[in-house]
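In what follows, a single structure is set out as structure tokens and then discussed.
Chain letters run A, B, ... following the sequence lines, proteins first and then strands; every chain starts at 1.
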Amino acid sequence: MKVKLPDGSVREYEGKMTALDVVRDISEGLARVACAVKIDGEVHGLTTELTGDIDEFVVLKFEDEGGKDTYRHTASHIMAQAVKRIWPDAKVAIGPAIENGFYYDFDVEKPFSPEDLTKIEAEMKKIIAEDYPVKRFELPRDEALKLMEEKQEPYKVELINDLPEDAIISFYTQGDFTDLCAGPHLPSTGRVRSYKLLSAAGAYWRGSEKNKMLQRIYATAFDNKKDLKKHLNMLEEAKKRDHRKLGKELELFALMEEGPGFPFFLPKGMIIKNELVNYWREVHRKADYVEISTPIILSRQLWETSGHWTHYRENMYTTQIDENDFAIKPMNCPGGMLVYKMKPHSYKELPMRVGELGLVHRHEMSGALHGLMRVRSFTQDDAHLFMLPEQIKEEIKKTIALIDEIYTVFGFSYHMELSTRPEKSIGRDEDWELATNSLKDALDEEGLEYVINEGDGAFYGPKIDFHLEDCIGRTWQCGTIQADFQMAERFELEYIGADGQKHRPVMIHRVAYGSLERFIGILIEHFAGTFPVWLSPVQAKMLTITDRSNDYAYEVASLLESRGIRCEVDTRNEKIGFKIREARNERVPYIAVIGDKEIEESTLSVRMRGKKEDTILSPQELADKIADDVLNKK
RNA sequence: GCCACUAUAGCUCAGUAGGUAGAGCACCACCAUGGUAAGGUGGGGGUCAUCGGUUCAAAUCCGAUUAGUGGCUCCA
């Protein structure tokens with residue numbers, strides 16, 4: 001039997017060999033850190049018996065794709081084993097590895113408490129110390145069913161029942177625990193080193209709210225303590241940056257019991273919101289957009305035309321005016337359609353780019369609300385683009401460039417995903433084809449990378465989603481570009497072509513921020529509250545040492561204010577150390593200390609963010625510096 | 001909406017064999033005019049989320065409601 005390694009070398013073996021034997025033959029050290037192997041493109045466990053020649057034999061360590069999942073999947077079985085030892089009546093459901101860890105779902109009498117998690121962790125420690133070999137075995141479907149019925153595992157029985165009649169079902173067993181599982185796994189439980197149970201929460205069996213609510217335990221595992229600690233620190237860091245906490249501390253926004261999911265913006269948060277709007281208007285003006293504003297409340301007839309009254313009803317707030325039904329808009333498009341339809345359009349006017357910062361309201365489920373990230377009223381930085389079919393590709397390219405420009409200003413990296421026609425969809429095949437190809441071609445021609453989500457588009461058209469990554473590595477879906485055949489059709493949009501005939505334009509809607517509210521939430525976490533100067537609610541603060549400096553401080557402040565700089569003066573009867581502490585906690589980028597010396601020399605002692613030493617500047621120089629930051633969006 | 005948990009002063013939190021509330025910060029007053037992350041002293045402030053029940057007595061036990069948190073589902 002020949003085994004070809006990634007370095008091109010070939011090793012020959014005789015007799016029965018497992019993957020682990022080969023890994024050991026390569027090096028004992030490697031065997032200690034190996035989690036799985038990739039054999040001819042497929043990930044297998046180390047105990048897999050090898051048959052025949054192998055063209056590709058890659059050892060997967062924890063850090064390799066496949067290795068991590070194998071490791072964490074084994075950890076999840078250990079967790080399930082521990083739970084079954086403590087609560088023998090618990091029914092196990094599924095327990096996969098996920099992005100940063102793993103979970104396992106259980107059907108138990110009582111939900112898990114934090115103390116239970118500690119207990120489970122302790123039991124896991126024992127199982128790991130007992131170092132059971134993890135063995136795989138296979139059964140035909142009927143025997144597999146019998147085994148799981150005997151073990152009284154109804155969820156596993158259900159899973160097996162969904163498999164084909166002739167399926168060979170694989171199981172893994174470790175000590176007193178046997179689980180239905182496709183694998184792969186580590187060779188023994190002792191291989192799991194660093195793990196931590198994180199939380200317990202309800203989760204529906206198979207993700208459907210029609211099913212029973214199970215108890216899910218989220219946990220994570222790493223192959224060394226250092227990385228586990230690093231990950232836990234990252235979670236801590238994320239907690240510290242939580243926009244709900246910072247939003248309260250920095251007085252940016254508030255959520256009140258009187259308006260669940262309807263955020264209040266406080267003066268400082270409003271400055272950020274307005275700066276985002278100003279910037280948005282600036283870039284859109286340059287990109288030849290016009291801006292409109294359409295009403296928040298519109299008649300039932302309109303929503304019937306758009307289809308929302310029947311398809312989106314449960315998310316809409318409705319009201320009556322003079323005995324007629326009205327709805328508060330959950331989306332801006334219908335209003336935009338009405339504006340387009342006000343007068344006939346020539347093909348010479350297209351493309352038309354019509355922006356709207358539209359405030360929409362959606363009745364989201366109470367349990368879905370989350371700070372500014374998920375609210376019931378929010379402002380979309382919407383725009384509707386009307387164009388000729390042959391203009392789609394170019395418009396898509398321009399829109400991508402626009403969104404790219406916006407994200408780059410905030411220092412976000414991002415990736416794109418293209419979602420294609422879902423099974424349940426409306427529209428003509430040729431429209432879908434044209435739109436999908438236009439999106440694809442635009443991406444390809446610009447040399448952009450993207451993921452394709454087959455069948456994940458909206459029912460009315462394909463879309464490109466932008467997923468931006470914040471500075472601690474979390475991703476957020478913000479921008480989207482969607483082709484929409486339904487609106488143009490339903491509202492019977494038209495333009496007069498060169499042939500003098502009426503034609504249907506192609507309509508695209510797109511957002512860049514997504515929603516101002518969510519984007520602000522993301523910005524708060526991305527910058528951990530330390531906003532760039534142009535977004536800082538207070539850009540400079542004058543701190544006086546004694547009240548002899550007050551006049552000079554006000555003088556400097558009015559100079560800065562005349563340059564449009566947001567400036568505050570702290571003349572309170574407090575020590576300078578105290579004032580500095582507060583100004584720093586408020587994340588003010590330029591903190592100027594003013595005492596007798598500064599008055600004498602007509603200077604400022606400026607403490608800039610990230611610098612230990614003060615910089616001596618004239619008031620004019622400070623104003624120039626801040627103006628420069630603002631101009632360059634720093 | 002569903003499962004679990006939480007709700008005490010503006011903020012962060014103490015307060016269990018049920019006996020009608022406490023700290024720090026913030027706020028106010030006074031003293032100190034002090035040079036780079038909290039100067040000192042004093043003071044005001046709470047229908048213990050809301051409603052109901054058990055009890056001689058409820059912040060504390062029970063139930064409901066509201067809101068929040070962690071998830072599920074959904075999503076900008």
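- Between A:E601 atom CD and A:S618 atom OG the span is 12.0 Å, to the nearest 0.5 Å.
- Side-chain proximity of A:K597 to B:C72, B:G70, B:G35: nearest is B:G35.
- What separates CG of A:L250 from P of B:A26 is a distance of 17 Å, to the nearest Å.
- By the 30° and 60° cut-offs, the orientation of the rings of A:Y513 relative to A:F410 is perpendicular.
- Remark: A:H370 is in phosphate contact with B:G70, judged by side-chain N or O atoms under 4.0 Å from OP1 or OP2.
- Within 4.0 Å (heavy atoms only), A:D381 reaches no atom of the nucleic acid at all.
- Salt bridge A:K84/A:E153: present, at least one basic N to carboxylate O contact under 4.0 Å.
- Checked against B:G68, B:C2, B:U33, the side chain of A:M213 finds its nearest nucleotide in B:C2.
- In this structure, A:G514 reaches the sugar-phosphate backbone alone: every heavy-atom distance under 4.0 Å involves primed, P, OP1 or OP2 atoms, never a base.
- Residue A:F378 and nucleotide B:A76 are classified as a stacked aromatic pair, their ring centres being separated by less than 5.5 Å at an interplanar angle below 30°.
- At the heavy-atom level, A:G207 lies under 4.0 Å from the strands shown only through sugar-phosphate atoms.
- Pair check for B:C56 finds B:G19; Watson-Crick or G-U wobble, both atom distances under 3.5 Å.
- With no hydrogens or angles considered, no side-chain donor-acceptor pair links A:E282 and A:H284 at under 3.5 Å.
- Candidate nucleotides B:G71, B:C3, B:U73 were compared by shortest atom distance to the side chain of A:Q215, and B:C3 ranks first.
- No hydrogens or angles were tested; on distance alone, nothing pairs the side chain of A:E364 with the base of B:G1 as donor and acceptor under 3.5 Å.
- Within 4.0 Å (heavy atoms only), A:R518 reaches at least one base atom of the nucleic acid.
- Among the protein residues, A:I576 comes within range of the sugar-phosphate backbone only, with heavy atoms under 4.0 Å from sugar or phosphate atoms but none that close to a base.
- Residue-level contact check: A:S605 touches the bases, meaning some heavy atom is under 4.0 Å from a base atom.
- Residue-level contact check: A:V593 touches the bases, meaning some heavy atom is under 4.0 Å from a base atom.
- Residue A:R581 has its side chain nearest to B:A37 when only B:G1, B:A37, B:G70 are considered.
- Side-chain N/O atoms of A:R374 include none lying less than 4.0 angstrom from OP1 or OP2 on B:C74.
- Checking B:C75, B:C72, B:U33 against every side-chain atom of A:R362, the shortest atom distance belongs to B:C75.
- Each of B:G35, B:U73, B:G39 was ranked by its minimum atom distance to the side chain of A:E598; first place goes to B:G35.
- Using a 4.0 Å cut-off between charged side-chain N and carboxylate O, A:E417 and A:K463 make no salt bridge.
- Rounded to whole angstrom, the span from the CZ atom of A:F262 across to the C1' atom of B:G68 amounts to 16 Å.
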